[in-house]
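Beneath this line is the structure, given in structure tokens, with notes to follow.
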Amino acid sequence: MAVLTAACGGGSPSAAGSPGAGQGRLAQALAFAHCMRSHGAPYFPDPNSSGGFAMKPSDSSSFNVPQAHAACAHLYPNEGKRLADPAQQAAQQRHALAFAACMRKHRIANFPDDWSGNVGQLISAGLDPSSPQLNAALTNCGF
């Protein structure tokens with residue numbers, strides 16, 4: 001069973017506790033679940049106590065209703081995940097730039113500075129994800 005950390009959320013901070021608190025995420029997730037059910041996903045589950053959704057991958061087609069997600073996404077920003085604060089963002093950027101520099105040191109000249117681990121970004125940069133040279137550089141740089 002996969003745990004999907006949320007789809008949507010809403011609810012007022014006064015009813016849910018302070019923004020970002022566990023109760024706030026739960027209230028957001030409950031509002032999201034209600035919204036999903038009212039917009040074409042009648043079997044969308046209620047969240048667990050931490051504001052996540054436990055769904056079996058085999059059931060995912062019953063919950064994958066694009067129009068419901070579009071209508072309800074505003075209720076559960078970032079799918080209930082906390083965003084990094086400015087210091088964390090700066091640290092992540094420094095790490096990404098150091099990783100890209102390492103890749104270039106290993107002769108992967110056009111490695112993207114902002115690589116997120118997405119193979120599509122490599123292909124867009126003109127890199128072959130199955131290249132032995134690329135894979136050796138990834139390993140040497142700690143990926």
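These figures come from a predicted structure and were not determined experimentally.
Closest non-hydrogen pair, Val65 versus Gly40, comes out as CG2-O, 3.6 Å.
Going from atom OG1 of Thr139 over to atom CG of Asn135 covers 6.5 Å, rounded to the nearest 0.5 Å. Atom-to-atom distance recorded for His39:NE2 and His34:NE2 is 9.0 Å, nearest 0.5 angstrom.
Every residue meeting the side chain to side chain contact (heavy atoms under 4.5 Å, CB included) condition with Gln133, not counting sequence neighbours, appears here in chain and number order: Arg107, Ile108, Ser131. The side-chain hydrogen bond (donor to acceptor under 3.5 Å, both in side chains) search around Gln93 returns none, not counting sequence neighbours. For Cys102, the side chain to side chain contact (heavy atoms under 4.5 Å, CB included) partners two or more places apart in sequence, or in a different chain, are His106, Cys141. The side-chain hydrogen bond (donor to acceptor under 3.5 Å, both in side chains) search around Ser130 returns Asp128, not counting sequence neighbours. Remark: Asn110 pairs with Leu127 by the side chain to side chain contact (heavy atoms under 4.5 Å, CB included) rule, at least two apart or across chains. Checked against side chain to side chain contact (heavy atoms under 4.5 Å, CB included), Arg104 has the following partners two or more places apart in sequence or in another chain: Ala100, Asp113.
Under a hydrophobic-cluster definition in which Ile, Leu, Val, Met, Phe, Trp and Tyr are linked whenever side-chain heavy atoms come within less than 4.5 Å, directly or via other members, Leu134 and Phe143 are assigned to the same cluster.
Pairs engaging residues 42-53 under the salt bridge (Lys or Arg N to Asp or Glu O under 4.0 Å) rule: Arg37-Asp46 [sequence neighbours left out].
Ile123 belongs to a hydrophobic cluster whose remaining members, ordered by chain and number, are Val119; membership requires side-chain heavy atoms of ILVMFWY residues under 4.5 Å apart, directly or through intermediates.
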Walk me through whether Asn140 and Lys105 qualify under side chain to side chain contact (heavy atoms under 4.5 Å, CB included).
CA-CA 10 Å; Asn140 287 329; Lys105 182 178 131 188; over 6 Å; no
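Relative ring orientation between Trp115 and Phe99 is described as parallel, the plane-to-plane angle staying below 30° on a 0-90° scale split at 30° and 60°.
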